[in-house]
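Data block below; observations after.
Remember, it's a predicted structure, so these values are computed and weren't measured experimentally.
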Amino acid sequence: MSNRVVCREASHARSWYTASGPQLNAQLEGWLSQVQSTKRPARAIIAPHAGYTYCGHKDEFTIIPVLVGALSESKEQEFGKLFSKYLADPSNLFVVSSDFCHWGQRFRYSYYDESQGEIYRSIEHLDKMGMSIIEQLDPVSFSNYLKKYHNTICGRHPIGVLLNAITELQKNGMNMSFSFLNYAQSSQCRNWQDSSVSYAAGALTVH
């Protein structure tokens, strides 16, 4: 067998993050140094799959990727039950990669509640409705929210699986809570020609 090392080109350098290795390292070290320790380590997180400005990684770990497609509610429940025993294991950390609202003509989504003010305020209100439901750990309400508003949360199905796994563990008396820690938008939409992607990061802890 060949011992040749294969390197994957950093296709998003100079766009999602700097192309300078030393500058990127300094940025990552700076962001990670600001992370505050908690008494209860996270058991699961929701993190954007955008640039390093919105998310980061630390320490040694083994990644087991799981690709989640467009599942039905019953399948989200089924897989939630299957994954629940792994979520219960404190040696595991679940990372759900998801952005939130993709708004604009290029995303074919332009929900706008004028009562919220400018478009970007409406987007924020829409996202935070969904974030609040996730914090309630209620998979049925989250599914109903998506049916009503059709928010373009790209990781909605893995989030649904996670919520169903949590529900399964709650049946067995495990006490958990989820809190969103940060929210941002790639830009502030003010007219119909604008577009943006929303980012939110949060963590699940066991009590």
Side-chain angles (χ1 to χ4, degrees), residues 35-36 38-52 54-59 61-102 109 123-185 197-207:
V35 175
Q36 298 181 358
T38 60
K39 293 182 179 179
R40 300 185 182 94
R43 190 66 59 85
I45 64 172
I46 295 176
H49 53 252
Y52 290 118
Y54 303 99
C55 57
H57 316 285
K58 193 174 184 180
D59 299 328
F61 50 83
T62 298
I63 296 176
I64 302 175
V66 179
L67 180 64
V68 179
L71 301 179
S72 64
E73 290 179 58
S74 61
K75 285 296 183 181
E76 288 180 1
Q77 186 176 15
E78 179 182 342
F79 285 114
K81 288 180 179 180
L82 290 172
F83 280 112
S84 63
K85 66 178 181 179
Y86 301 102
L87 183 61
D89 185 344
S91 67
N92 294 328
L93 171 68
F94 277 62
V95 179
V96 175
S97 179
S98 179
D99 296 335
F100 273 68
C101 184
H102 298 63
Y109 186 75
I123 296 170
E124 180 177 359
H125 182 259
L126 175 68
D127 281 330
K128 290 190 173 179
M129 275 196 290
M131 291 160 64
S132 176
I133 292 170
I134 293 170
E135 289 180 330
Q136 295 167 28
L137 305 178
D138 186 345
V140 175
S141 293
F142 185 61
S143 180
N144 290 338
Y145 159 82
L146 293 171
K147 290 175 184 176
K148 181 175 181 179
Y149 295 102
H150 304 284
N151 193 358
T152 47
I153 302 172
C154 50
R156 56 193 176 275
H157 294 296
I159 290 173
V161 171
L162 176 64
L163 292 176
N164 277 284
I166 293 167
T167 297
E168 190 66 19
L169 294 179
Q170 287 176 324
K171 293 177 183 177
N172 298 322
M174 187 173 286
N175 184 22
M176 291 170 284
S177 63
F178 191 98
S179 296
F180 277 98
L181 309 173
N182 204 0
Y183 174 82
Q185 295 176 357
V197 179
S198 303
Y199 309 115
L204 175 77
T205 55
V206 177
H207 302 280

Looking at [X] and [Y], what are the two nearest heavy atoms and their distance?
{"X": "D127", "Y": "S198", "answer": "OD2-OG, 2.7 Å"}
{"X": "S98", "Y": "I153", "answer": "OG-CG2, 3.4 Å"}
{"X": "Y109", "Y": "H102", "answer": "CB-O, 3.6 Å"}

[X] side, atom [atom1]; [Y] side, atom [atom2] - distance, nearest 0.5 Å:
{"X": "F178", "Y": "S132", "atom1": "CZ", "atom2": "OG", "result": "12.0 Å"}
{"X": "M176", "Y": "L169", "atom1": "CE", "atom2": "CG", "result": "4.5 Å"}
{"X": "N92", "Y": "I64", "atom1": "CG", "atom2": "CD1", "result": "7.0 Å"}
{"X": "F100", "Y": "Y199", "atom1": "CZ", "atom2": "OH", "result": "13.0 Å"}
{"X": "I159", "Y": "I133", "atom1": "CD1", "atom2": "CD1", "result": "11.5 Å"}

- Message: According to side-chain contact (heavy atoms from CB on, under 4.5 Å), who are the partners of S97, at least two apart in sequence or on a separate chain?
- Response: H49
Partner set under side-chain hydrogen bond (donor to acceptor under 3.5 Å, both in side chains) for [X], not counting sequence neighbours:
{"X": "S177", "value": "T205, H207"}
{"X": "Y145", "value": "N151"}
{"X": "T152", "value": "none"}
{"X": "Q77", "value": "none"}

- Note on the structure: Paired with L137, the side-chain contact (heavy atoms from CB on, under 4.5 Å) test is passed by just one of N164, L163, T167, namely L163
- Query: Only one of E73, K148, R156, E76 forms a side-chain hydrogen bond (donor to acceptor under 3.5 Å, both in side chains) with S143, so which one is it?
  - Reply: E73
- Task: Apply side chain to side chain contact (heavy atoms under 4.5 Å, CB included) to the pair F142 and L146, showing each step before the final yes or no.
- Result: CA-CA 6 Å; F142 185 61; L146 293 171; 3.7 Å; yes
Throw together a table of side-chain donor-acceptor distances under 3.5 angstrom for residues 81-89, partners on residues two or more places apart or in other chains.
residue	atom	partner	partner atom	Å
S84	OG	K81	O	2.7
D89	OD1	S91	N	2.9
D89	OD1	S91	OG	2.8
D89	OD2	S91	OG	3.2

- Task: Would you please test I46 and F180 for side chain to side chain contact (heavy atoms under 4.5 Å, CB included) and show each step?
- Result: CA-CA 8 Å; I46 295 176; F180 277 98; 4.2 Å; yes
- Message: Between E168 (side chain only) and G80 (backbone N and O only), is there a donor and an acceptor less than 3.5 Å apart?
- Response: no
- Item | Whether H157 side chain and L71 backbone form a donor-acceptor pair below 3.5 Å | yes
